[in-house]
Participant: 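Dumping the structure here so I can ask a few things about it.
Note: hydrogens, waters and symmetry copies are ignored here, and every other heavy atom, side chains too, is used.
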There are 2 protein chains.
Amino acid sequence: MSNHTPTPLSQAWLDTLQAGGYRITRPLQVIVEILANSTRALGPVNIYDLARKEYPKTGLVTVYRALEKLEATGLVQRVHQADGCHAYLRAANGHEHILLCSLCGQVVYFAGDDLSDLIARVEGQSGFTIQEHWLQFHGLCANCQ
Amino acid sequence: MSNHTPTPLSQAWLDTLQAGGYRITRPLQVIVEILANSTRALGPVNIYDLARKEYPKTGLVTVYRALEKLEATGLVQRVHQADGCHAYLRAANGHEHILLCSLCGQVVYFAGDDLSDLIARVEGQSGFTIQEHWLQFHGLCANCQ
DNA sequence: CCTATAATTGAAAAAGATTTTCAGTTTCAT
DNA sequence: ATGAAACTGAAAATCTTTTTCAATTATAGG
């Protein structure tokens, strides 16, 4: 069976997973390779189909379990779209946020937003303690418009 | 069976639904009443349970169908949370955004954000046409902290 | 290099969530 | 009042996700 060399990013993910106490198996490697290098959001079944091209024995259950590990480790995040939240993506780092093409699922990460004033104001008015904020843009990518 | 007078908001929703060509039935009225006046996000089964207290014949299917209509009409929106996206809420109007308590699901709507500069910059850099933006805060409400 | 152990795997079954089908009922315009 | 079209609830069908379990595999330690 073919055995490509991992990209730098997927190698880094595998190192992180191993440091987290997980074992590095062939199906995990294949799934990591797929997700680390995808430019669009992928659902469990998409990943399953892609993984089986590389390692045909891969089971769908293993995809679900890999997604759990990757999400728990903070390498991957769920993508929320109007029609559901079943796709996954490389997690945004730091102050990155995501911009998604509503047609093809293409993703672009962008940095920069300073919401601290707004957050302070909303905390004051609501009595909440804000722990997390979530900013996401949707639109049409250059190819889809 | 009891028949409370509708609140102004739920009456407005019913009018909108009727204007949209939908028929106003008892289970729809009950479901609208529940959603229009809830201060927290509710999933289909939550709604089902609450609806049956008011109108015991209500079927879960009818809840799903009502949510479809309400979402299509823009009165209700799905709430996206870390663990899934199965709850619904009154839709945010205009420049309102939502702040959710991660423990109890309590929701607060807040207004105000000017992201036009950021949007313009990201459009320029990415080649996307941005159609929609999505801002959501998560935290602990006054009661839950 | 071998070994023991604990994690991981795939298949099948189970559980859950959502959708479809269908016959009977209800709304609402006429 | 009446009829057409929309809506309803129950059951069945479809998905999606999780659990169970025996077999396999990764990895630490000898």
Participant: For the side chain of Arg65(B), starting at C-beta, report the closest nucleotide among dT27(D), dT17(D), dA10(D).
Facilitator: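 When the side chain of Arg65(B) is considered, dA10(D) is the closest of dT27(D), dT17(D), dA10(D).
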Participant: Base, sugar-phosphate, or nothing: which does Glu68(A) touch, judged by heavy atoms less than 4.0 Å apart?
Facilitator: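 Here Glu68(A) touches no strand at all.
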Participant: So if I take every side-chain heavy atom of Tyr64(A) and compare against dA17(C), dT16(D), dT9(C), which nucleotide ends up nearest?
Facilitator: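 When the side chain of Tyr64(A) is considered, dT16(D) is the closest of dA17(C), dT16(D), dT9(C).
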Participant: Does a side-chain N or O from Gln18(A) land closer than 4.0 Å to OP1 or OP2 of dT27(D), or not?
Facilitator: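 Answer is yes, contact under 4.0 Å.
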Participant: Does dT26(C) have OP1 or OP2 sitting under 4.0 Å from an N or O in the side chain of Thr25(B)?
Facilitator: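 So the side chain of Thr25(B) is outside the cut-off, no N or O lying under 4.0 Å from OP1 or OP2 of dT26(C).
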Participant: Can you tell which of dT8(D), dT17(D), dT9(C) lies closest to the side chain of Lys69(A)?
Facilitator: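 Nearest listed nucleotide: dT9(C).
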Participant: With respect to the side chain of Val61(B), which nucleotide from dT20(C), dT17(D), dA17(C) is positioned closest?
Facilitator: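 Nearest to the side-chain atoms of Val61(B), counting from C-beta on, is dT20(C).
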Participant: Could you point out which residue of Thr7(B), Leu28(B), Leu50(B) forms a side chain to side chain contact (heavy atoms under 4.5 Å, CB included) with Glu33(B)?
Facilitator: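 The residue from Thr7(B), Leu28(B), Leu50(B) that satisfies side chain to side chain contact (heavy atoms under 4.5 Å, CB included) with Glu33(B) turns out to be Thr7(B).
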Participant: May I ask you to check whether the SG atoms of Cys141(A) and Cys104(A) are separated by less than 2.5 Å?
Facilitator: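 The sulfur gammas are not closer than 2.5 Å, so no.
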Participant: Starting at CZ of Arg23(A) and ending at P of dT27(D), how long is that distance when rounded to a whole Å?
Facilitator: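 Answer to the nearest Å: 7 Å.
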Participant: Within the structure, does a side-chain N or O atom of His86(B) lie under 4.0 Å from either OP1 or OP2 of dT18(C)?
Facilitator: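 It does, given that an N or O in the side chain of His86(B) lies less than 4.0 Å from OP1 or OP2 of dT18(C).
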Participant: So Phe137(B) and Phe110(B), ring-ring contact (aromatic ring centres under 6.0 Å, His included) or not? Walk me through it.
Facilitator: CA-CA 10 Å; Phe137(B) 289 166; Phe110(B) 63 90; 4.9 Å; yes
Participant: State whether the side chain of Tyr88(A) and the backbone N or O of Leu70(A) hold a donor-acceptor pair below 3.5 Å, judged by distance alone.
Facilitator: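 Here the side-chain-to-backbone pair does not exist.
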Participant: Measuring from the side chain of Leu28(A) (C-beta onward, heavy atoms only), which nucleotide among dT17(D), dT9(C), dT27(D) has the closest atom?
Facilitator: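 Of dT17(D), dT9(C), dT27(D), dT9(C) is nearest to the side chain of Leu28(A).
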